[in-house]
J.: 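I have a structure I would like to understand better, so I am pasting it below and will then ask my questions one at a time.
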Amino acid sequence: MQHDHAKAPLIDALAAYHDWGRYGFTPPGHRQGRGIDKRVLEVMGADAFGSDVLMSAGLDDRLTRNGYLRDAEELMADAVGADTTFFSTCGSSLSVKAAMMAVAGGHDGGLLVARDSHKSIVAGLIFSGVLPRWITPRWDADHHLSHPPSPEQVRQAWDAQPDAAGALIVSPSPYGTCADITGIAAECHARGKPLIVDEAWGAHLPFHPALPTWAMDAGADVCVVSVHKMGMGFEQGSVFHVQGDLIDRARLSACADLLMTTSPNVLIYSALDGWRRQMVQHGRELLDAALGIADEARTALDQIPGIRVLEHELLGAEASHDLDRMQVLIDLSDTGASGYQAADWMREQRRIDLGLTDHRRILATLSTADDTNTIAGLVDGLTAWRKNLKDPEPPKISLPAPGELELETVQSPRDAFFSRTDTVPLAEAAGRIAAEQLTPYPPGIPAVVPGERLDTAVIDYLRTGVEAGMNVPDAADPRLHTIRVTAR
């Protein structure tokens with residue numbers, strides 16, 4: 001079937017909705033902004049509310065006879081070479097949970113899961129009751145970060161847990177490092193098992209050959225993508241793609257429906273549709289320019305005294321398979337300052353926000369929207385920060401060895417999370433079983449998962465990290481004076 005990518009079904013339907021002057025005695029109650037406080041409109045603008053309409057019995061009719069969403073999803077699938085695509089308005093957090101439940105829900109063998117997974121995957125384990133069979137990531141002790149697992153590590157995990165329903169890995173990582181998905185998919189398919197790839201940071205990958213191989217081309221069965229991260233979607237805009245015959249499409253759709261809102265946001269859907277058209281028609285040239293800008297940024301930032309842009313250190317036999325160079329990971333350790341301090345200064349003094357920050361790094365995530373002016377602001381800001389840095393007191397963070405980060409799993413995440421709990425001082429928590437997840441954010445990789453036995457090294461890491469500026473927003477006590485553990 002030939003697809004016309006000049007069309008954007010949802011965008012076109014929204015334009016027609018405005019042209020026809022439709023009015024609905026339905027939600028949303030603001031009636032395309034008519035009822036919004038003028039003080040709100042002054043900040044948010046009337047257009048945002050004018051396009052916030054009901055999906056069914058609004059943009060489409062009550063039986064969705066026009067199939068605007070269906071057509072938009074088919075065009076998205078065709079654009080990236082997937083068999084089927086689903087849109088989500090709840091971010092990749094929803095999409096990855098649906099994929100986990102479809103593959104492993106009700107399966108006694110559990111699911112192979114990379115331990116460096118995002119907190120949304122742990123939430124999926126808690127929701128579904130699926131047992132995680134952890135794949136240990138490759139820890140870089142020198143830089144204190146994790147790389148995606150290798151095909152050999154996945155093979156070892158399959159040998160240890162041959163009854164698992166499938167495998168789930170994260171690639172690219174929040175640092176831009178990428179797994180050998182082709183090799184990992186081969187290990188899964190040799191056993192007739194599906195591979196789920198949480199590719200939340202990879203929306204742009206299908207549209208340029210100089211970027212790392214995207215998951216569908218590498219043989220993944222389900223690929224979850226956050227368009228709002230590296231594409232041009234609204235926050236929460238996500239898609240998940242499916243191919244092959246190892247995934248039950250009806251079951252996957254039903255699992256998504258269990259989690260999905262019954263009131264999806266047309267703004268989010270329409271932005272996904274418009275971005276697909278833009279990338280099919282102009283993605284190659286946009287990414288050509290963006291990759292050139294990224295190279296310029298890397299070169300300029302690397303010339304600031306005490307600052308290193310990481311690249312070769314992230315690749316190699318013991319590291320990651322590939323690197324997305326749109327993610328500019330900046331190591332500040334030679335300056336003596338922490339990433340937390342640098343990020344706070346850039347926000348306060350230069351009005352520039354940075355995403356991932358940790359005890360020694362900041363990350364600048366570039367997109368096709370960036371240009372020489374935005375990069376100049378970043379470089380000038382960090383140059384000024386470095387120039388004004390006066391003998392910083394190094395953050396006193398107790399960094400555990402790689403082996404100390406591998407906590408023993410004693411209970412399933414679901415059982416531990418829903419168990420009777422005690423709240424104990426952090427200093428007394430070693431040896432107890434965690435009943436909550438503790439996640440330095442960003443990047444959102446849990447240091448502690450419910451059901452794991454706490455050890456002194458990880459406790460000291462979190463305690464000293466919070467004191468140095470680390471954010472652990474999912475903890476019951478964000479200052480980590482206390483922690484929730486399972487009751488004895």
J.: Would you indicate whether Asp353, at its atom CG, is surrounded by more than 12 heavy atoms from other residues, nucleotides or ligands within a distance under 6.0 Å?
T.: yes
J.: Within the supplied structure, the quantity of interest is the number of heavy atoms (other residues, nucleotides, ligands) at a distance under 6.0 Å from Phe417 CZ; does it exceed 12?
T.: no
J.: Between Asp358 and Arg361, does any NZ, NE, NH1 or NH2 come within less than 4.0 Å of an OD or OE carboxylate oxygen?
T.: yes
J.: Going by ring pair (Phe, Tyr, Trp, His ring centres under 6.0 Å), name the residues that satisfy it together with Phe127, two or more places apart in sequence or in a different chain.
T.: none
J.: Answer yes if the ring centres of His321 and His147 are under 6.0 angstrom apart, and no otherwise.
T.: no
J.: With a 4.0 Å cut-off on N to O distance, would you call Arg308 and Glu313 a salt bridge?
T.: yes
J.: Does the distance from a Lys or Arg side-chain N to an Asp or Glu carboxylate O, for Asp83 and Arg249, drop under 4.0 Å?
T.: yes
J.: When Gln236 is tested against each of Leu267, Thr261, Ile268, Val227 for side-chain contact (heavy atoms from CB on, under 4.5 Å), which residue passes?
T.: Ile268
J.: Do the rings of Tyr441 and His118 sit parallel, tilted or perpendicular, given the 30° and 60° boundaries?
T.: perpendicular
J.: Could you check if a side-chain atom of Arg432 sits within less than 4.5 angstrom of a side-chain atom of Val424, using non-hydrogen atoms only?
T.: yes
J.: Ion pair present between Arg276 and Asp78, side-chain N to carboxylate O less than 4.0 angstrom?
T.: no
J.: Output, in order, the C-alpha distance, side-chain angles, deciding distance and verdict of salt bridge (charged side-chain N to carboxylate O under 4.0 Å, His left out) for Asp116 and Arg138.
T.: CA-CA 9 Å; Asp116 61 339; Arg138 287 175 288 182; over 6 Å; no
J.: Do the side chains of Lys396 and Glu467 get close enough for a salt bridge, i.e. N-O under 4.0 angstrom?
T.: no
J.: How many angstroms lie between atom CG of Leu168 and atom CG of Leu195, to the nearest 0.5 angstrom?
T.: 7.5 Å
J.: First locate atom CG of Leu301, then atom CD1 of Ile362, and finally report the distance between them rounded to the nearest 0.5 Å.
T.: 8.0 Å
J.: Output yes when Arg298 and Glu311 qualify as a salt bridge under the 4.0 Å nitrogen-oxygen rule, no when they do not.
T.: yes
J.: Take atom CG of Asp108 as the centre, draw a 6.0 Å sphere, and report whether it contains more than 12 heavy atoms from other residues, nucleotides or ligands.
T.: no
J.: Got a salt bridge between Arg484 and Asp422, using NZ or NE/NH1/NH2 to carboxylate O under 4.0 Å?
T.: no
J.: State plainly whether the residues Asp295 and Arg325 are in salt-bridge range, i.e. N to O under 4.0 Å.
T.: no
